[in-house]
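Notes follow the structure.
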Amino acid sequence: MSSQSVLVIGGGIAGIQASIDLANMGLQVYLVERTPSIGGRMAQLDKTFPTNDCSMCILAPKMIECAGHDNVHLLTYSEVDEVRGEAGDFKVTVRGKPRYIDLAKCTGCGECTEKCPRRVPDEFNMGLDKRKAIYMPFPQAVPRKMTIDAENCLYFAKGGCRVCEETCQAGAIDFEQQEEVLELEVGAIVIATGFDPYDPAALKEYGYGEIENAITGLEYERLICASGPTEGHLRRPSDGKVPQVIAFIQCVGSRDVNYKSYCSSVCCMHATKEAILANEHYPALRSFIFYTDMRAVGKQFQEYSIRAKDEYNVSYIRSRPGRITVDEQSSNPIVWYDETVFGEAGDSVRRVASKEVELVILCQALVPRGVHREMAENLGLELDESGFLAIQDRLACPVDTSVPGIFACGFCQSPQDIPDSVVQASAAAARVAELLSPNSRKPGDA
Amino acid sequence: MAVEGSETGGNGFEPKILMFACNWCSYAGADLAGVSRLQMPANCRVIRVMCSARVRPEFVITALSKGLDGVVVLGCHPGDCHYSEGNYFTRRRGLFLKKLLEYVGIEPERFQVRWVSASEGAKFADTVAEVTRQVKALGPNRPRRNAQ
Amino acid sequence: MQDRLHDIVRKLLGEGTIEYFIGYGAGSEPHRVVPCFVTSDHEVERLVWGPLCLQNLSKYVLQAKDLEGKAGVLVKGCDTRAIVELLKQHQIEREEVVVIGVACQGQVDPRTLEEVLGVPMEQVQGVEDAGDQFVVTIGEDERTVAKEQVLLGKCLYCRHPSAFEYDFTLGEIVPFSIDAGESEFAMVEELERLSVEERRAFWQKQFARCIRCNACREVCYACYCKECIFDRKMPRWLDKPPLLSENEIYHLIRAVHLAGRCIDCRECERVCPMNLPLSRLYKKVQKDIAELFDYEAGIELDEVPPLVSFELDDQDPFM
Amino acid sequence: MERKKLQKSDLSRWLDRIAQEHELIGPSEDDGVIRFQPVESSAEIAVEFANSLIPPKSLFFPAVESLFSFHKRGKDIELEATEPLDRDRVVFGIRNCDVQSLSLLDYVFGQDLEDVYYQERRARTALIALACPTPPRSSCFCTTFGIDPLSSDGSDVLLTDVGDVYLVDVVTEKGEGLVSLAEDLFPGLTDDEARQLQPRPVEMKKVDISQLREKVEALWEDEYWHKMSLPCLGCGICTYVCPTCHCFDIVDVGSTLEGERYRCWDSCMYSDFALMASGENPRPTKRERIRNRYFHKFSTFPSRYGSGYACVGCARCLIHCPGGMEITEVIKDILAKESISE
Amino acid sequence: MPKTRVGVFVCHCGNNIGGVVRVPEVVEDARHLPNVVCVEDNLYTCSEEGLSSIKEQIAEQNLSRVVVASCTPRTHEPLFKEACEEAGLNRYLFEFVNIREHCSWVHRHDPARATEKAKELVRMGVAKARYLEPQEEFESEVFPAALVVGGGVAGMTAALSLANQGIQVYVVEREEKLGGLVRELRTLFPTEQDTGELLSPLMEQVRGHPQITVYLGSEVENVEGFIGDFQVTVGSDGQNSELQVGTVIVATGAQELRPSGMYGYSTLPNVVTQLEFEESFKSGADLPPNVVMINCVGARVPERTYCGRFCCSTAIKNAIWLKEQDPDAKVSVLHRDVMAYGVDIEDSYRGAMELGVRFLRYDIQNPPQVLGAKRAEAVKVQHQLMGKEVILPADLVVLTTPLVPREDSERLSKMLKVPLGTEGFFLEAHLKLRPIEFSTDGIYVCGSARYPSSIPESVSQAYAAAAKAGIPIRDGSVRVEAITVFCDERTCSACGNCVEVCPFGAVELEEGKFGRIASVSVAQCKGCGCCVAACPSGAMQQRGFDDRQLLSMIGALAEGMVSGGGR
């Protein structure tokens, strides 16, 4: 009988859903998450398309259910070191980075953060504002515990400080904490490591990095989010002014043979949502979406983009902008693109046009997590040419990886949105259940 | 943004306002307002219910007739309800009750329904401040000494 | 009309299809028409019909549930709306009750008749319907009075359920049409035009006068709960003394319970010993239900009541 | 005291004079309902009225009265009595049936247990009765219960309308005191006036109710009560407008920390009147409750207090009953029943 | 009834509460409340030491109620309820008062009024606690079998996955053969496999699996009951059989839209749909040299707004197949957007272009016209990019249409009491996070019955549905948090309001001891309390939030406002 426990790598929505399902099946789940809190990319979103549900409202209950489940053992701020063995009997070592916080004592009250002098760029807010060296990634973090970021903490850098230790009434700070290594025996592994945004700076023509008012989709998401750095006020980076005209540029790096040849599936709807949110916050705001194919393929997606056009002042321009320049004094980005102009006599001519806007959002390609490649080698998993985890039989076993007993769900194996990731997470749970159920036949002949 | 602290000035009358908050959205919104330390007047008391649809119109009537100065029912935005349809009933009951209470001489600001989602901490704080300001302007809900 | 009624009731009693018949009977004095329960043949003579048959007898049908057999009831068009609602609210089964509809051409409001005639009701020997007038016999002489002067308030806006199959009908049941001269909700709009303080003063004075005799609750068809929340000790919604706060709670909660149920039969106002203007409260209930949810109680049998249903695009001033 | 005379036009001057000394209470109308309530001046007093809706019993045994209030300070509790009446009261316009009803209530609130609240109000209130007009209200039947609408016993002063002047019979010292307030308005009667000005006799249908008690007691098991109770709605009107009904409920209103203890009218017709803590209810349906009401009036009350029947024939219940129940018909039905008890 | 003994524990939470609210005053005030027998404050009530002091007090003072005044119940209530349970006190005799997020943190500049508010919140909490009653969480047994409606790819995959978890499965398929819509295809996308390679192993395993019983040519006639105990009547050619199952999976798929009246379909012989193309041309018929495909036929139009999701990939597959059979064939695809999302479809889209398939974009305002009287000869289209009209010769016109809901979904949705969405597909519980569950527990949906899905997506959803449908069966019982509603038989007047408002169909009118009353299926009740508010006679009450409790909280708040305040 194979071990009745499962390792889930990645604490985003897919990892959380897989863990909940597996735990509800009575299996012991070890959920390994690299950052101090589970929640993943979804936690950074303000709203989700197409229903405009507030992302945290629907994510938080799942996080609490997952963390609170008796069968789920949360291993946050940890990474998978080594994996040996085969389906039904894997030996895994997990390295727990020290938080320098005694989890039993810390109540997440946040007094230490207020007193900590060291301020560093906040990855959760895509670096748009600062966080302290001792921090909690976001207010609704699960577990609601602080973490000391060793690289940036003054004490580790040059000794002294330890202000947090004095302020903490619960005595939860423990600078002597060491790294923990955990040996686990699991019957199956589910990978749900999610995605990273592709750095649009590679596309020089769009000037990301030089043009201040050219930001990425996720940066925009943090700006528009009520719990973000600007508390939901869309202030553009150059002068903090609220833009009245914004432009979204699709397929930045996607569907492009010299960068990422595949379509990242979610950016069309992501842009539409962000345009709707902009107009919701500022009714006078107009937005333009430069697209090639408006891929609104899911349930209620078409209605969503129709509403965007009819009610939220969003206009779609079918063209792939060539270049973005910037007007020096107003620092407004100008988008250069080609358009077809129809004469009266039904003839048409294609010419280059430009549109000055006040903010440009680059919907960049989404790629598997950076750390994903090294983990794949570690586990002996093949990757496809786009860098996603290879799936042997896309039709019959869409979540089985090349290694029996290891399953992959969510963005790590193919570009997909939240509902599809949640479906694949449950699918992976089913596959694990089949694998580990007593009278099941060997997975080979599934 | 929410009013810094509560003004105890003016005629010194501090209204007492009852708030019903639904567990999934508005109570979570209130928590977020707390987590984000948004200061607000201390006139509102929250009663947690599982869904805004649980709030009987009878509670609102009893509360106002027994002398409370204001009652606010908070719920999820229509479509967000955890029970999918609860707040549609809250909306209908609110629409009807508001007009009835106004008709019998209870100022409209004394009974309000607001949609606050789990991530709208600021909106919760603004709602508390706004309702407190409005009810305070109305003065006490006429101490219901029993005229016979 | 009255004799046809007697024949039908005699037949029904004779065949044993009904155990008793609920109709209008003559009281001890000619001007008093009271509900009367006819069980045997010789009592059929007591049944009367005329412009003084004010009561809405539908609620008495609820008592018939503990009979083995059926009960018969005489209902005017407006009363039938109560039967429709009782069916809709699962309180009676259609086969349990034999419904005799009577073509009613407007009922007299005794109070206004007294004012118009300047004579107390006790001297009135009888009132007859004469087209657009009433013929009132006082002592020996007869006086005619224009109908719209003395009609019951509700008769000016007579309404019937759209499709209702009566078991028997006396005359052709058709809504009594009369030009009331003002909108049905005029008395409500009049109050709505007042300021909040004036409205408060108006209603506080009325609620303070209430002696909490519960007549308005006991006469209302919609108050059929086995144990009313007001009678319950735990939780105590209401304290028994007729204090202003308790009276207000009593009347407002009843108004909320009547939302989507009140059929404007105005029996509550008629029986109130203290003359509380209850129809001005319940007319407001009907006005809001009609305006907000485009619904009228007791008209369509299969229409879902407004407060137990919803539309996705209901108005939403609460954003 | 010998009979005096008062010009009708002088009535209001007398009453206003009384109003300066005492608290004047009279039948006044608001929103079409006549009830006995304090009035500033005689102008507010309704002139022609058969009788009030709410009987004058409400002046002595009010619909709701605060017995005392309590405040909890830490461990101990303070009690605070309600203040007594600040001024003596004079009730004008009370009919004789209501005067007799007060004497019935005196049994209840005075025979065995002294009810301080009632007794204090009773002692400090003078009654100026107003004889009933002729012909009386068609539904009145006080004579059936041996009450003479023109009699003066029980009241302090009796005014009888004989055209443009009232005959004034002063009965008690209190009455004398009131008359003496405006002595000049009350000239004595000349002999012929005494002869001519006679109160017109009041004709009223009368029923012999001597057998009523035995008959009703024999009807305990009779099916009659079920049939007659069908139209009754079970509301409290008949008991609240009845001048002899005296049931009440005592309720603490407020909170555990502070509040008031109230006494208020209760009605035996309510379904929860006889509901016991165990959930048991000896009178679960209308049939028992109605039977109990008539039994109380015609059998239990007289046997309990050795008095007359607990009904003064004022017909208020008969007029206002939404179900059209008529106590006179019930009495006739009871009397008509052959006694089947043997 | 032993006198209620309430214990109140006020938390400082470091100085998060204590720094603003004068906790000692709150403790003093709570001491005098009726039924309060012990009041304590601690620095961190949620810490180990705080929890153990609660457990001690429960034992020492024989507490029958516990009130904790500290942070938010949403995160810490389970923690304190556990502590009460460990001390032997029923976990539902616990009330939480939030004096941190709702008080100290938001009234920092007004300690006096924050303290006043904290006192009142505690008074309200104690007032409610007095009326709390012990509850047992309702457990209903789950029958260890599952029903799968529909024997297509999704249905078979779900059935196999459940069976492989050791669960007995019944598959009800309307047709005489398994396979569903996919059986009508010849080659599959993106692997270009032959359909048989996917279907035969699936069909063979389903037929051969000891745990799976297949009913072919059968329909579900009736479904009664709720999660854990569904009684299903299956009718196969006349005679019915009764099944008892714990969970149900809807995998009834969808059907291809036959676009009669559009582009000459059904009037011109050589205008066919993609499925018809697959059946007729892939079985060896000679291939026409000029083929024009028109996409978005009957989709993304006002009367059918949704996008068919994978019909673009079908068109691309067949276009590539045509070019591979005859490289000189002229194949053009008229589209409004090419929905080649993801990796595989985008690759094959690019592959098709490399093979010479022409993709022309048309605008919905002036759609292409099929020219030809008795046969389609050409297709005229306004080329959006070049802005001029183009005539494409066509020996065959292939219309790409979306999948549409099966006609009889209405019947199944009524039987299972699960809703259909506005487009006629089944409506899931939550579009984002519960895409394959219904709000009614125990019933799941996968494949195109929910929304048109490609084969890999349908198969993923099938596995997911199997996971969800397996959980209650593996668990053996379903536990329902004791906040469900119950009906007091004595006072219910069967007016039916509760039945109308219940979003989950958990309330029915049934004959009870006292005549007809409302009866609640506890397994289905989610505890929203909507029916309680709609019940005029107060017969319907919610455990943990009943009228007594909420009214006493209002009473506690309205204390002293007026004589005649509630209790």
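Nothing here was measured: the structure is a model prediction, and the numbers come from that model. So that the names make sense, note that chain A is the first sequence line, chain B the second, and so on, each numbered from 1.
- In this structure, no portion of E:L202 lies under 4.5 Å from any heavy atom of chain A.
- Closest of all the heavy-atom pairs between E:P456 and A:P398 is O-CG, 3.8 Å.
- With respect to E:D337 and A:R295, no salt bridge is recorded, no charged nitrogen being found less than 4.0 Å from a carboxylate O.
- Most heavy-atom pairs under 4.5 Å with chain E, from the set A:K62, A:E339, A:E385, A:K105: that is A:K62.
- Contact between A:C263 and E:A340 at its shortest, heavy atoms only, is CB-O, 3.8 Å.
- Annotation: side chain to side chain donor-acceptor pair (under 3.5 Å) contacts of E:R336 (sequence neighbours excluded): none.
- Here the side chains of E:E197 and A:D393 are not in contact, with every heavy-atom distance at 4.5 Å or above.
- Proximity to chain E is limited to the side chain of A:V422, based on heavy atoms less than 4.5 angstrom apart.
- Contact tally against chain A (heavy-atom pairs below 4.5 Å) for E:L431, E:L198, E:I436: the top residue is E:L431.
- Looking at A:K299, its side chain does come within 3.5 Å of a backbone N or O of E:R450 through a donor-acceptor pair.
- Taking E:S454, E:C446, E:G342 one by one and counting their heavy-atom pairs under 4.5 Å with chain A, the maximum is reached by E:G342.
- Between E:H12 and A:Q169, every side-chain heavy-atom pair lies at or beyond the 4.5 Å cut-off.
- Each of A:S386, A:A170, A:S254, A:C409 has some count of heavy-atom pairs under 4.5 Å with chain E, and the biggest count is that of A:A170.
- With a 4.5 Å cut-off on non-hydrogen atoms, A:F49 touches chain E through its backbone and its side chain both.
- For the residue pair A:E303 and E:T305, a side-chain donor N or O sits within less than 3.5 Å of a side-chain acceptor on the partner.
- Looking at heavy atoms from C-beta onward, E:R350 lies in side-chain contact with A:V257 at the 4.5 angstrom threshold.
- Shown here for E:A467 and A:S426, the closest heavy-atom pair between the two residues is CB-O, 3.3 Å.
- Across E:R361 and A:T292, no two heavy atoms sit closer than the pair NH1-O, 3.9 Å.
- Side-chain contact between A:M42 and E:L433 is present, with heavy atoms from C-beta onward closer than 4.5 Å.
- For A:I13, the part lying near chain E is the side chain, with the backbone staying farther off; criterion is any non-hydrogen pair under 4.5 Å.
- Rounded to the nearest 0.5 angstrom, A:S305 OG and E:R300 CZ are separated by 7.5 Å.
- Between E:D347 and A:S261, the closest heavy-atom pair is OD1-OG, 4.2 Å.
- Chosen from A:L395, A:N24, A:D21, A:I418, the residue pairing most often with chain E at heavy-atom distances under 4.5 Å is A:L395.
- Across every non-hydrogen atom of A:P419 and E:P435, the tightest pair is O-CG, 3.9 Å.
- In this structure, chain A has heavy atoms under 4.5 Å from both the backbone and the side chain of E:K432.
- With hydrogens and angles ignored, the 3.5 Å screen pairs no side-chain donor or acceptor of E:Y463 with any backbone N or O of A:R431.
- Panel note: side chain A:D293, backbone E:V338; a donor-acceptor pair is recorded below 3.5 Å.
- E:N164 places none of its side-chain heavy atoms less than 4.5 Å from the side chain of A:S437.
- Ranked by heavy-atom pairs under 4.5 Å with chain A, the first of E:R434, E:E428, E:E457 is E:E428.
- The side-chain hydrogen bond (donor to acceptor under 3.5 Å, both in side chains) pairs that include a residue from residues 415-425 of chain A are A:Q413-A:Q424, A:S414-A:Q416, A:Q416-A:Q424, A:D420-E:R309, where partners are two or more places apart or lie in different chains.
- Contact tally against chain A (heavy-atom pairs below 4.5 Å) for E:F425, E:Y341, E:Y306, E:Y349: the top residue is E:Y341.
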